[in-house]
Amino acid sequence: MRWSRQLLPTLREAPLEAEIPSHQLLLRAGLARRLGAGLYTFLPAGLRALRKVEQIIREEMDRAGALEVLMPALQPTDLWARTGRLETLRDVMFHVRDRQERDLVLGPTHEEVITDLVAREINSWRQLPRTFYQIQTKFRDEIRPRFGLMRAKEFIMKDAYSFDADEAGADASYRAMYSAYERIFQRCGVRTKAVEADTGAMGGKSSHEFMVLAESGEDGLVECERCAYAANRERAESATAPRIEWPEDRAPAEIVATPGARTIEQVSQYLDVAPSRLVKTLIYLADSRPIAALVPGDRELNEIKLRRATGAEALTLADDATIERVTGAPVGFAGPIGLNVPIWADLWLRGGRGLIAGANRADAHVVHVDFERDVGELAFADLAFARGGDPCPRCSDGVLREQRGIEVGHVFRLGTKYSRALGAEFLDESGVRKPVIMGCYGIGVTRTLQAVIEQNRDEQGIRWPISVAPWSVEVVVVNLQNAACVETGERLYAELGAAGLDPLLDDRDARPGVKFNDADLLGLPFRVTVGERSLARGVVEIRRRAGGDVVELPPAEAVTWLVGQVRKGLEG
RNA sequence: CGGGGCGUGGCGCAGCCUGGUAGCGCAACAGCUUUGGGAGCUGUGAGUCGUGGGUUCAAAUCCCACCGCCCCGACCA
């Protein structure tokens with residue numbers, strides 16, 4: 001490809017809209033352009049890189065035995081009603097209506113469609129197991145699209161679905177996808193970490209997320225410094241018996257005045273005690289019934305954990321009126337003592353003494369609280385978010401460390417949630433009708449592309465891994481007025497193309513500095529500089545974008561050398 | 001959805017407070033010079049000032065409504 005005939009609009013400055021480095025580079029290197037909030041056009045260079053990511057995914061899915069299909073983005077609403085997700089996913093789906101006034105949605109994911117297909121087409125244990133996948137456009141009405149391709153309203157996803165006759169088979173399918181994912185991300189040149197995750201709206205039994213570690217990541221995760229434990233912050237467990245040194249405070253509970261001190265910060269300042277000695281009392285409505293949830297004052301309640309502990313379907317923070325009715329006090333003075341609703345307390349409060357809690361009375365708190373002595377019936381559960389510095393829940397002496405990551409893949413064990421709802425059943429060897437056991441597996445293809453950039457860059461621009469670079473080699477003709485430069489550059493370009501290396505020729509009539517800076521910005525793995533200076537010595541310069549190391553070779557040898565390097569790079 | 005900010009040639013912005021000829025830098029185009037890390041000179045083209053309404057002799061500027069975009073937050077105690 002010749003630069004002069006390509007649409008490769010590089011930008012000197014990062015547009016204001018771009019916040020994180022990969023988003024800025026996406027725009028500056030001329031890979032994509034924004035149409036509207038969360039909507040992007042891929043320009044030729046960006047599309048080439050995207051297609052390479054897709055191809056890697058396709059090869060690894062095929063290698064793992066998955067079968068490629070293509071399902072419609074436009075889907076009948078009633079299919080979604082059958083699994084209950086028309087309601088749970090209502091707000092994230094785009095709803096449309098056709099001229100017959102039929103209600104349709106633009107698919108945010110495809111469990112319903114694929115399970116419906118399997119329900120129709122698979123009837124016997126002899127047809128199992130099967131795993132299907134597609135690479136297709138998804139639509140999600142994100143609350144706040146952000147960071148370019150990272151969180152878009154329309155994006156490309158690889159989604160796969162496995163169908164098995166029994167648990168052992170489902171496990172094998174899950175493991176096959178898990179290891180395919182490891183290979184995919186490794187081949188794309190991103191380092192990922194698999195972490196335990198919450199299954200969220202997908203439902204099912206358990207899941208792992210593949211995280212690209214990055215400062216700009218939207219997800220928090222914790223990992224043990226000693227053992228293999230790693231989990232999304234939403235999911236991370238606390239150690240069952242955290243070691244806490246409680247103060248030797250045996251004084252009887254006592255009500256003290258705390259005028260106007262409603263928040264943890266205010267109370268802790270007013271009484272001059274650390275927030276960790278305070279009890280944070282939250283009133284929730286669990287399936288419309290009020291409950292109290294207690295966590296240490298310096299910790300955050302994890303609603304996912306509270307929902308799991310209580311078994312509630314719907315969990316919402318109580319409104320002010322309910323709080324006042326339940327506690328008999330204005331908001332800000334709730335406490336566990338004398339509270340007449342079910343109480344759930346975080347593990348970190350077990351055995352707590354010398355604590356401070358709301359008095360269920362305006363402008364008052366209780367001090368010297370001893371949980372076992374002063375609070376009536378309550379249940380302990382893991383309720384708070386885990387955080388860095390906490391003991392590891394799996395090994396004896398490990399400590400958790402916090403990191404940020406970009407979720408590029410997610411694998412789920414779904415069980416029979418969808419197969420039961422949609423009648424995907426088969427006859428087993430003894431003629432018994434059973435629901436198929438499912439798994440589902442997603443990769444954000446467009447997000448992965450941007451994650452590659454986020455993790456492979458420097459001050460000058462992108463440093464594409466060979467496997468997904470839009471082109472593998474850029475030939476820079478330094479001076480178009482110099483016939484020898486032009487001729488050598490053209491010949492190299494032709495020979496590289498003939499050797500199968502998809503080169504990019506910068507044949508623009510621009511200053512050398514402009515071309516060099518653009519080459520660094522676009523970041524193709526190799527740059528061949530054809531200039532008078534080196535040509536006078538009978539060589540061209542080959543510079544590796546990643547390491548910056550330079551090799552000088554006669555033009556005739558350059559092609560062979562590059563072919564070898566690219567091949568080696570793709571294998572490694 | 002709540003809060004904040006911004007909409008002025010392709011991009012980045014000034015002008016608005018205090019109403020009176022629409023500007024600057026970059027980019028683009030033409031010519032000449034220049035050619036190993038974002039060149040110089042000369043010239044040229046390009047803007048219904050987000051949209052609609054109002055006030056006024058006169059609106060980019062003041063008022064109202066709407067639209068779009070960006071940031072923060074969204075049960076965060």
Side-chain angles (χ1 to χ4, degrees), chain A residues 7 9-20 23-24 27-28 30 33-39 91 141-148 153 220 233-234 261-268 275 278-285 292-304 306-307 314-320 322-323 327 330-335 346 357-358 383-385 459-461 476-483 485-486 489 506 508-522 527-537 539-541 543 548 550 552:
Chain A
L7 179 63
T10 54
L11 305 174
R12 290 190 185 199
E13 307 286 338
L16 223 57
E17 71 194 56
E19 286 270 305
I20 62 171
H23 186 192
Q24 295 174 349
L27 300 171
R28 284 191 60 207
R33 288 292 182 261
R34 189 178 62 87
L35 173 66
L39 303 171
D91 291 345
D141 193 359
E142 290 288 344
I143 295 174
R144 184 142 87 88
R146 245 204 289 219
F147 302 149
K153 292 201 179 205
R233 203 177 97 92
E234 291 180 341
R262 293 162 179 271
T263 65
I264 293 290
E265 195 181 331
Q266 288 162 352
V267 175
S268 122
L278 272 51
V279 177
K280 197 185 280 186
T281 304
L282 294 322
I283 307 298
Y284 272 86
L285 289 172
L294 314 179
V295 295
D298 61 339
R299 285 183 176 266
E300 284 178 88
L301 178 91
N302 182 336
E303 291 186 356
I304 295 167
L306 182 60
R307 186 178 293 120
L315 190 72
T316 54
L317 200 59
D319 55 285
D320 290 3
T322 304
I323 293 171
T327 65
V331 174
F333 301 99
D346 182 55
L383 300 181
F385 276 102
E459 281 301 300
Q460 277 64 48
V476 175
V477 177
V478 174
N479 182 354
L480 285 195
Q481 313 315 318
N482 183 296
C485 277
V486 173
D506 191 346
R508 293 175 298 173
D509 187 10
R511 308 269 305 179
V514 172
K515 297 188 186 186
F516 291 145
N517 280 301
D518 272 350
D520 288 345
L521 179 60
L522 180 60
R527 184 186 87 196
V528 182
T529 310
V530 186
E532 299 169 75
R533 200 187 281 177
S534 43
L535 224 45
R537 287 182 286 121
V539 297
V540 295
E541 287 168 26
R543 184 185 165 92
V550 176
E552 297 198 333

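Sequence lines set the chain letters: A, B, ... in the order given, protein chains first and strands last, and positions in each chain run from 1.
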Is there a Watson-Crick or G-U wobble partner for [N] with both distances under 3.5 Å, and if so, which one is it?
{"N": "B:G31", "value": "B:C41"}
{"N": "B:A46", "value": "none"}
{"N": "B:A65", "value": "B:U51"}
{"N": "B:C17", "value": "none"}
{"N": "B:U56", "value": "none"}
{"N": "B:G73", "value": "B:C1"}
{"N": "B:C26", "value": "B:G10"}

Side chain of [X] - closest among [options]:
{"X": "A:V514", "options": "B:A39, B:A77, B:G36", "result": "B:A39"}
{"X": "A:L317", "options": "B:G36, B:A77, B:C72", "result": "B:A77"}
{"X": "A:A37", "options": "B:C70, B:G36, B:A74", "result": "B:C70"}
{"X": "A:Q481", "options": "B:G36, B:C72, B:U35", "result": "B:U35"}
{"X": "A:N517", "options": "B:G38, B:G36, B:U35", "result": "B:G38"}
{"X": "A:E300", "options": "B:G37, B:G36, B:A77", "result": "B:A77"}
{"X": "A:K280", "options": "B:A77, B:G36, B:G37", "result": "B:A77"}
{"X": "A:D509", "options": "B:G36, B:U35, B:G37", "result": "B:U35"}

Report the distance from atom [atom1] of [X] to atom [atom2] of [N], rounded to the nearest whole Å.
{"X": "A:N482", "N": "B:U35", "atom1": "CG", "atom2": "P", "value": "11 Å"}
{"X": "A:R262", "N": "B:C76", "atom1": "CZ", "atom2": "P", "value": "15 Å"}
{"X": "A:L535", "N": "B:U35", "atom1": "CG", "atom2": "P", "value": "17 Å"}
{"X": "A:E142", "N": "B:G73", "atom1": "CD", "atom2": "C1'", "value": "16 Å"}
{"X": "A:L306", "N": "B:C76", "atom1": "CG", "atom2": "P", "value": "15 Å"}
{"X": "A:I323", "N": "B:C75", "atom1": "CD1", "atom2": "P", "value": "15 Å"}
{"X": "A:E13", "N": "B:C26", "atom1": "CD", "atom2": "C1'", "value": "8 Å"}
{"X": "A:D506", "N": "B:G37", "atom1": "CG", "atom2": "P", "value": "15 Å"}

Hey, does [X] reach any base, or is it just sugar-phosphate, or nothing, if we go heavy atoms under 4.0 Å?
{"X": "A:L282", "value": "base"}
{"X": "A:D319", "value": "nothing"}
{"X": "A:L301", "value": "base"}
{"X": "A:T316", "value": "base"}
{"X": "A:D520", "value": "base"}
{"X": "A:L11", "value": "nothing"}
{"X": "A:R33", "value": "nothing"}
{"X": "A:T281", "value": "nothing"}

Do the non-hydrogen side-chain atoms of [X] and [Y] ever get within less than 4.5 Å of each other?
{"X": "A:F516", "Y": "A:V476", "answer": "yes"}
{"X": "A:V279", "Y": "A:T281", "answer": "yes"}
{"X": "A:V530", "Y": "A:L535", "answer": "yes"}
{"X": "A:R233", "Y": "A:F385", "answer": "yes"}
{"X": "A:P512", "Y": "A:N479", "answer": "no"}
{"X": "A:P275", "Y": "A:K280", "answer": "no"}

Atom [atom1], compared across [N] and [M]: separation rounded to whole Å:
{"N": "B:A74", "M": "B:U61", "atom1": "P", "result": "37 Å"}
{"N": "B:A28", "M": "B:C71", "atom1": "P", "result": "29 Å"}
{"N": "B:U8", "M": "B:C24", "atom1": "C1'", "result": "12 Å"}

Is a donor-acceptor pair below 3.5 Å formed from side chain [X] to base [N], judging by atom type as modelled?
{"X": "A:R144", "N": "B:G3", "result": "no"}
{"X": "A:E532", "N": "B:G36", "result": "no"}
{"X": "A:N479", "N": "B:G36", "result": "no"}

- Looking only at side-chain N and O atoms, does A:R12 come under 4.0 Å of OP1 or OP2 in B:G38? no
- Query: Between A:R511 and B:G40, is there a side-chain N or O to OP1/OP2 distance below 4.0 Å?
  - Reply: no
- Heavy-atom nearest nucleotide on RNA chain B taken for A:R34 and for A:R28; more 5' hit belongs to A:R28
- Item | Residue whose nearest RNA chain B nucleotide is more 5′ - A:G38 or A:E303 | A:G38
- Minimum heavy-atom distance between A:L317 and A:I283, given as atom pair plus value: CD1-O, 3.6 Å
- If every non-hydrogen atom of A:A293 is compared with every non-hydrogen atom of A:L301, which pair is closest and at what distance? CB-CD1, 4.1 Å
